[in-house]
Amino acid sequence: MAILLFAEHDNAALSDQTARTLTAARRIGGEIDILVAGKGAAAVAQAASAFQGVRKILLAEADALEHRLAEPAAALIVSLAGDYDTVIAPATTTGKNVLPRVAALLDVMQVSEIVEVVSADTFKRPIYAGNAIQTVQATDGKKVITVRTSGFEAAQAEGGSAPVETIGATADPRLSGFVENRLSESERPELASARIIVSGGRALGSEERFRQVILPVADKLGAAVGASRAAVDAGYAPNDWQVGQTGKVVAPELYVACGISGAIQHLAGMKDSKVIVAINKDEDAPIFQVADYGLVADIFDALPELERAL
Amino acid sequence: MKVLVPVKRVVDFNVKIRVKADGTGVDLSNVKMSMNPFDEIAVEEAIRLKEAGKAEEVVVVSIGPAQAQETLRTALAMGADRAILIKVEDMVEPLAVAKLLKAVADAEGPRLVVLGKQAIDDDANQTGQMLSALLGWSQATFASAVALEGDKARVTREVDGGLQVIEVALPAIVTADLRLNEPRYASLPNIMKAKKKPLEEKTPADYGVNVDARLKVLKTEEPGTRKAGVKVASVAELLDKLKNEAGVLQF
Ligand SMILES: Cc1cc2nc3c(=O)[nH]c(=O)nc-3n(C[C@H](O)[C@H](O)[C@H](O)COP(=O)(O)OP(=O)(O)OC[C@H]3O[C@@H](n4cnc5c(N)ncnc54)[C@H](O)[C@@H]3O)c2cc1C
Ligand SMILES: Nc1ncnc2c1ncn2[C@@H]1O[C@H](COP(=O)(O)O)[C@@H](O)[C@H]1O
């Protein structure tokens with residue numbers, strides 16, 4: 001039994017999501033190799049080698065791998081797959097882009113976004129926006145799996161010394177090319193790994209008010225900022241802040257939903273948070289059905305007051 | 001240029017589904033069904049390409065039961081030209097769907113296939129990527145903007161850190177994210193007209209594709225439910241609870 005873990009990183013730092021996926025891989029069991037595909041990513045491979053219980057780190061560097069576009073990244077993984085029973089990756093936008101391509105090339109049905117490992121071939125995964133949990137057994141010879149990282153603790157990157165082996169990249173299929181990234185610059189914690197998240201909804205009414213009312217509270221709490229789809233669609237918040245079925249799935253210790261009604265698609269992304277606070281002026285808003293603490297109030301009064309009190 | 005758009009019939013996004021008590025699945029009897037919301041966006045995008053003179057024909061295809069005809073008629077009423085229904089009895093997994101779609105693409109020769117990024121029933125988010133792999137084409141997933149320029153498409157993608165712009169060679173697969181466009185409603189005259197548009201019926205056997213499941217569903221259960229908590233009367237009480245009861249705030 002051997003597992004190939006496709007690492008999430010930005011060529012400079014290893015993502016916490018890789019560490020969470022490693023926890024899932026350990027539950028599956030077997031020798032684990034971590035593949036770092038990128039460019040100028042030696043520091044990432046070095047960071048990965050600090051995990052305990054990892055057999056080796058495979059470092060593949062090439063221009064075509066710099067942004068881990070689907071076609072070259074999948075070709076690389078497929079070229080390595082012969083040596084592994086399982087290929088696993090976090091269900092990040094990169095993992096979700098690359099792994100189904102790998103699965104199809106291997107003629108395997110991917111198991112998407114597992115939240116629990118039952119055994120080496122049996123997993124739990126949410127369907128219908130998390131309103132049902134399916135236990136599925138993969139019958140293909142090889143397994144291709146993406147991991148919903150909010151369901152797994154991060155493995156500690158310390159004490160290990162897995163060797164880093166440099167491998168060649170496969171030829172670039174030259175089907176697609178990178179043009180640019182327009183990434184949100186932020187000093188705040190990342191949504192996926194934040195301990196506290198403050199989220200705003202349609203009630204904020206404008207980008208300006210979102211910034212004036214949500215951000216100061218988030219900053220006082222050292223929190224990441226989230227948003228509902230309605231807030232993102234209306235341009236109050238950038239797309240990468242969206243929490244939900246089709247945005248990010250998060251499970252922080254504290255989730256504060258402000259002016260968010262609690263549609264099932266939003267709940268799908270945050271209902272596994274440890275403590276949920278909802279502030280909404282409609283006492284019948286569905287969000288109160290999942291909130292540990294509900295405050296029926298106007299957010300434009302409550303949030304500035306909260307900020308002053310912190 | 002021909003554009004192919006696969007559309008799936010799924011439980012309407014407003015329905016809160018119920019899990020069957022015996023753990024065998026989700027109760028779909030008497031539940032409102034609709035076109036997968038992402039597929040509406042995909043259809044809209046294809047129709048806009050046609051309206052802009054960049055595509056000649058929009059062909060929609062669904063793999064599903066006889067009732068998936070309604071889903072296809074909806075797409076035709078929105079403005080698609082022609083429909084193909086590949087009739088199956090049971091749910092077909094994304095890998096088998098991708099194989100069927102590959103066979104359709106081989107027969108139809110589209111330059112672009114626009115799919116939804118995810119079906120809101122299985123939440124698999126695989127089919128487009130798989131189809132792209134099977135065809136050996138380029139892929140642009142989670143698209144929030146698509147611009148065709150000659151034999152290339154420039155696609156803006158919604159990624160974890162923000163947006164990414166890539167350029168893909170045609171033929172290509174695009175999967176639609178929520179903000180790609182706002183789908184139109186079909187007008188009554190267009191709904192009437194759609195009834196006369198061609199809808200061809202096929203079976204997986206016509207394409208020689210085996211649709212047997214690779215994943216064995218052992219059980220379907222309710223997720224752990226959360227109890228509603230308490231209402232607090234003020235910001236001060238909220239802070240007190242968070243510090244002293246929940247212990248999630250230290251100061
Ligand atoms: C395919 C699909 C996928 C989707 N994916 C997602 C997803 O990933 N994430 C997501 O969030 N949504 C998603 N949605 C959208 C979802 O269905 C809801 O439309 C959305 O979550 C609503 O956002 P909202 O709660 O901000 O807005 P609304 O539902 O409009 O709620 C606004 C709330 O603010 C309250 N309010 C108004 N003014 C004030 C005030 N001054 N003070 C206090 N409270 C106030 C109101 O009482 C109301 O409860 C998806 C939908 C579809 C169809
Ligand atoms: N049975 C089906 N019939 C037609 N299209 C489908 C079907 N299943 C999936 N698709 C397409 O593939 C996309 C992604 O589905 P999935 O991979 O199941 O999340 C959907 O949005 C559809 O465009």
Side-chain angles (χ1 to χ4, degrees), chain A residues 69-71 74 92-93 96-97 100-101 103-105 109-113 122 126-140 175-184 229 233 238-240 245-246 253-254 264 271 275 277 288-296 302 305-306 309, chain B residues 11 13 16-17 19 26 93-95 98 117-118 120-126 129-130 132-134 137-142 144 154 158-169 178-179 214-223 226 228-232 235-236 238-239 241-242 246 248:
Chain A
L69 297 183
E71 303 87 346
T92 55
T93 43
K96 291 193 273 201
N97 191 32
R101 195 170 176 102
L105 293 172
M109 178 56 205
Q110 171 179 289
V111 188
S112 296
E113 302 214 26
T122 305
I127 54 174
Y128 291 95
N131 287 302
I133 307 290
Q134 226 175 31
T135 305
V136 294
Q137 184 176 24
T139 62
D140 288 307
L175 290 166
S176 58
F178 171 80
V179 179
E180 62 169 326
N181 275 334
R182 287 189 230 131
L183 304 183
S184 328
R229 175 192 171 184
D233 282 2
N239 66 283
D240 52 305
Q245 180 184 18
T246 51
E253 283 186 34
L254 174 61
I264 46 179
K271 70 180 159 57
V275 175
V277 169
F288 287 125
Q289 289 163 22
V290 299
D292 300 282
Y293 303 110
L295 176 63
V296 179
E305 190 185 337
L306 180 61
Chain B
V11 171
F13 80 96
K16 172 121 172 45
I17 54 99
V19 175
V26 167
E93 290 172 346
L95 179 62
K117 87 162 177 183
Q118 171 173 346
I120 61 163
D121 50 2
D122 64 16
D123 282 334
N125 194 335
Q126 304 179 11
Q129 297 87 317
M130 289 182 151
S132 172
L134 297 178
W137 292 5
S138 55
Q139 77 183 47
T141 51
F142 324 147
S144 64
R154 184 177 272 248
E158 296 210 358
V159 295
D160 284 339
L163 296 170
Q164 178 182 67
V165 183
I166 62 170
E167 213 164 61
V168 295
L178 290 172
R179 281 168 282 275
R214 306 286 189 85
L215 299 182
K216 211 149 90 193
V217 180
L218 304 180
K219 190 165 64 182
T220 305
E221 55 197 330
E222 294 263 3
R226 280 189 94 94
V230 296
K231 290 254 168 69
V232 293
V235 168
L238 175 62
L239 274 177
K241 297 266 191 201
L242 291 177
V248 287

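Proteins come first, then strands; the chains are lettered A, B, ... in the order of their sequence lines, and each starts at number 1. Remember, it's a predicted structure, so these values are computed and weren't measured experimentally.
With a 4.5 Å cut-off on non-hydrogen atoms, A:Ala302 touches chain B through its backbone and its side chain both. Residue A:Ile264 touches chain B through its side chain alone, counting heavy-atom pairs closer than 4.5 Å. Contacts between B:Ala98 and chain A at a heavy-atom distance below 4.5 Å are absent for every atom of the residue. The parts of B:Leu178 that come within reach of chain A are both its backbone and its side chain, each placing non-hydrogen atoms under 4.5 angstrom from that chain. With a 4.5 angstrom heavy-atom cutoff, B:Val26 touches chain A only via side-chain atoms.
How far OG1 of A:Thr139 is from NZ of B:Lys216: 7.5 Å, rounded to the nearest 0.5 Å. Remark: B:Lys241 NZ to A:Asp292 CG distance equals 11.5 Å, nearest 0.5 Å. Remark: B:Lys219 NZ to A:Ile133 CD1 distance equals 11.0 Å, nearest 0.5 Å. The structure places CZ of A:Arg101 at 11.5 Å from CE of B:Met130, a figure rounded to the nearest 0.5 Å. Remark: B:Leu238 CG to A:Leu306 CG distance equals 6.5 Å, nearest 0.5 Å. Of the inter-residue distances, the one linking B:Leu134 atom CG with A:Leu105 atom CG reads 7.0 Å to the nearest 0.5 angstrom.
When each of B:Ile166, B:Val11, B:Asp121 is checked for heavy-atom pairs under 4.5 Å with chain A, B:Asp121 comes out on top. Among A:Glu180, A:Lys96, A:Glu113, the residue with the largest count of heavy-atom pairs under 4.5 Å with chain B is A:Glu180. Most heavy-atom pairs under 4.5 Å with chain A: of the set B:Ala124, B:Ala228, B:Pro223, this distinction falls to B:Pro223. For chain B, the option among A:Thr135, A:Thr122, A:Leu183, A:Thr246 with the highest count of heavy-atom pairs below 4.5 Å is A:Thr135. When each of A:Glu305, A:Gln110, A:Glu253, A:Glu71 is scored by its heavy-atom pairs under 4.5 Å with chain B, the top score falls to A:Gln110.
You'll find the side chain of B:Val19 stays beyond 4.5 Å of the side chain of A:Asn131, heavy atoms only. You'll find the side chain of B:Gln118 reaches within 4.5 Å of the side chain of A:Gln245, heavy atoms only. Side-chain contact between B:Ile120 and A:Tyr128 is absent, with no heavy-atom pair separated by less than 4.5 Å. In this structure, the side chains of A:Gln134 and B:Asp123 stay at 4.5 Å or more apart for every pair of heavy atoms.
Not a single donor-acceptor pair under 3.5 Å links the side chain of B:Gln129 to the backbone N or O of A:Ala103. Judged by distance alone, with hydrogens and angles left aside, the side-chain atoms of A:Thr93 form a donor-acceptor pair with the main-chain N or O of B:Asp160 at under 3.5 Å. A:Arg182 places no side-chain N or O within donor-acceptor distance of the main-chain N or O of B:Leu163, the cut-off being under 3.5 Å.
When all heavy atoms are compared, the tightest approach of B:Val159 to A:Asn239 is O-ND2, 3.9 Å. Across every non-hydrogen atom of B:Leu95 and A:Ala104, the tightest pair is CD1-CA, 4.1 Å. Of all heavy-atom pairs between A:Pro100 and B:Asn125, the closest is CG-O, 3.8 Å. Of all the heavy atoms in A:Ser176 and B:Val168, the pair that sits closest is CB-CG1, 3.6 Å. Shown here for B:Leu215 and A:Ala138, the closest heavy-atom pair between the two residues is CD2-CA, 3.8 Å. Here the shortest heavy-atom pairing between B:Val232 and A:Tyr293 reads CG1-CD2, 4.3 Å.
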Practice problem: Determine, step by step, whether A:Ser112 and B:Gln126 satisfy the side chain to side chain donor-acceptor pair (under 3.5 Å) criterion, reporting the C-alpha distance in whole Å, the side-chain angles of both residues, the deciding distance to 0.1 Å, and the verdict. | Solution: CA-CA 8 Å; A:Ser112 296; B:Gln126 304 179 11; 2.7 Å; yes
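Residues passing the salt bridge (Lys or Arg N to Asp or Glu O under 4.0 Å) test with B:Glu158 are B:Arg179, sequence neighbours excluded. Not counting sequence neighbours, the partners of B:Asp122 by the salt bridge (Lys or Arg N to Asp or Glu O under 4.0 Å) test are B:Lys8.
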